[in-house]
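First comes the structure, then the notes that go with it.
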Protein chains: 2
Amino acid sequence: MEIRDLRSLVAVARTGSFTQAAKDLGYTQSAVSQHIANLERTVGRTLLTRRPVRLTEVGSRLAEHAAHVVLRIDVATTELAAIDDETAEVRVAMTPLADSRHIARALRSVRSASTGARMRMVTCSASVALARVASGDCDLALVDGIVASSSPLVLAEAGLLRSFVVGEEELVVVVPDDHPLRGDSIDLDALTDAQWVIAPDLVCSLPELLHLPPSAVAASATATFTFDGTDLMTLLELVAAGHGLALLPRRVCSLVDGVRTLRVRRPNLVNRTELLVLRSAIDRHRTIITALQG
Amino acid sequence: MEIRDLRSLVAVARTGSFTQAAKDLGYTQSAVSQHIANLERTVGRTLLTRRPVRLTEVGSRLAEHAAHVVLRIDVATTELAAIDDETAEVRVAMTPLADSRHIARALRSVRSASTGARMRMVTCSASVALARVASGDCDLALVDGIVASSSPLVLAEAGLLRSFVVGEEELVVVVPDDHPLRGDSIDLDALTDAQWVIAPDLVCSLPELLHLPPSAVAASATATFTFDGTDLMTLLELVAAGHGLALLPRRVCSLVDGVRTLRVRRPNLVNRTELLVLRSAIDRHRTIITALQG
DNA sequence: TCAGCTTACGCCGAGCGTAAATATG
DNA sequence: CATATTTACGCTCGGCGTAAGCTGA
């Protein structure tokens, strides 16, 4: 069982495609095919169905182990490479809707402490943010997600990463102005059959949120309007045009006309933003972390 | 960074020798040397001192990551190989002084439940027991160690293994009958300068116990009598002959004449025995586990 | 001096890419 | 029929063992 094979398994599982995985990893698609064949030969069982490409039960188990292994290898490499790295640049990977107000302020205080500090920030998906931090491509990840209050957002991954809660925000359902729903609040369970505008790159969908099985997630994804982008204004315009509803933190909903918001009555359901740091890099970024918590 | 290189690093770190690591892994010594050279080249720093072979600071960091990776790879392999494995044999790896009374009884109840059940038991060091369980060579590990009561014995390794406390036993200092120490109890701190018979394969030594730095451990190892064996009777005879003291659970001390025991006054210090199982194999061995806990 | 780690070197196998074959929807 | 994975094949590169070299106790 080789690391490159496990990397390919993780990539195929994530992308759902041999071809895309190969592109991500810088291989030809043929090579990825051989990697998976290697694993399936050593395990003696099918790890993935083809057409569509999906993990089998056994494949899921191995993929979980593989993800841990790959992450730890990346973290180890990053950690050892950072030992005598004196670059002062702070690089932050964040999900598009993560609450960046606090870190923006914290970075100001770093700038005033050391005048030459350079900074870089990039938005991406939560899993990409995690990978960027693990690989040393970024120092900090600021990710958000919908969770029951006080439950963990990301698996803090066996002591490799440490997470700090940056904030929790109220969730609202965004509806068009002319939507029949009245009142100023709503129970999510009443909306399972509603039409949704799903923006997987921007926020998790309702079926995922309610922990429905993958089949239901896939079904709802075809049944509703899917927006493959991270542009918040476009999403809200789609809602205003009546293509469906959206579930968002209230902070981001006042961008366009033609929509109104309903408070979510589901108790303890919030949009949490967390800061992720490699445990081995906590000292290096203590200034920012303490500024965030202060 | 390749798995075989990391395996070699772990083996060299454990054995303190390239040659021995190569034997353990089934390579030539030259190959292991190349593995370490690979790692040192990719990291760009020295991982091990030579003569004597010891981990550097950087090497320790990488070795810890490597141990996690290797363990998880082994566990994944074992887990997937066990999916359609219907052998009824129960294989237990245990440390020599682990309290086996309860598992012996638990295995009786398994035997009466299914008459054809085969069993195998082997004694080895705790780390070997862990490796045997991870590699699927054994199903259960029964390991003991001296700990403060209610603190964990083995790192339950990031969710890969689950541990069950089998029992905690009182610790005693074994002294020759004619030893000047009087009374029936003693404070361990009064014994740091005493002569000890150290049996690293049987029980951890006092300096290790008191969390002294490695230098102190090494120094004491040369200053006292070292017994490289697991034979309890021989150890007690060495104590009786005045070569030094030993720290043991009371249960095992009545084997020879010429020694007496002093209760350890250090509060909360016990010899704990734990059962380790792969999380993925808990269901398979539920009969034994429930019998142990009942 | 000698045990033990490193280096040189040649052979072999493994993995990659190209390209043709195959399968599925 | 189009798209995506598998298989065939050859080339290259990397890793292994053998054996010679080196070095510190």
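We name chains A, B, ... by the order of the sequence lines, and we start the count at 1 in each one.
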When you get a sec, tell me which of [options] is the closest nucleotide to the side chain of [X]?
{"X": "A:F18", "options": "D:dC16, C:dC5, D:dT5", "answer": "D:dT5"}
{"X": "B:Y27", "options": "D:dC16, C:dG17, C:dC5", "answer": "D:dC16"}
{"X": "B:R51", "options": "D:dA8, D:dG24, D:dA19", "answer": "D:dG24"}
{"X": "B:N38", "options": "D:dG15, D:dT5, C:dC5", "answer": "D:dG15"}

### Query
Within the structure, does a side-chain N or O atom of A:R4 lie under 4.0 Å from either OP1 or OP2 of C:dA14?
no

### Task
Give a yes/no answer on whether the side chain of A:T19 brings an N or O atom under 4.0 Å of OP1 or OP2 in D:dT5.
yes

### Query
Shortest non-hydrogen contact from B:R61 to A:L80?
CB-CD2, 4.0 Å

[Y] and [X] side chains, donor-acceptor separation under 3.5 Å:
{"X": "B:D74", "Y": "B:S135", "answer": "no"}
{"X": "A:Q34", "Y": "A:S30", "answer": "yes"}
{"X": "A:H35", "Y": "A:E2", "answer": "no"}

In whole angstrom, what separates [X]'s [atom1] from [N]'s [atom2]?
{"X": "A:I36", "N": "D:dT7", "atom1": "CD1", "atom2": "P", "value": "13 Å"}
{"X": "A:Q34", "N": "D:dG10", "atom1": "CD", "atom2": "C1'", "value": "13 Å"}
{"X": "B:H35", "N": "D:dG15", "atom1": "NE2", "atom2": "C1'", "value": "7 Å"}
{"X": "A:E40", "N": "D:dT5", "atom1": "CD", "atom2": "C1'", "value": "12 Å"}
{"X": "A:D5", "N": "C:dC16", "atom1": "CG", "atom2": "C1'", "value": "13 Å"}
{"X": "B:Q29", "N": "D:dT23", "atom1": "CD", "atom2": "P", "value": "16 Å"}
{"X": "B:R54", "N": "C:dC5", "atom1": "CZ", "atom2": "P", "value": "14 Å"}
{"X": "B:M1", "N": "D:dG15", "atom1": "CE", "atom2": "P", "value": "14 Å"}

### Task
Pick base, sugar-phosphate or nothing for A:V53, based on heavy-atom distances below 4.0 Å to the nucleic acid.
sugar-phosphate

### Message
Using a distance-only criterion (donor-acceptor N/O pair, under 3.5 Å, no hydrogens), is the base of C:dT7 paired with the side chain of B:S30?
### Response
yes

### Query
Is B:I83 close to A:R45 at the side-chain level, that is, under 4.5 Å between some pair of heavy atoms?
yes

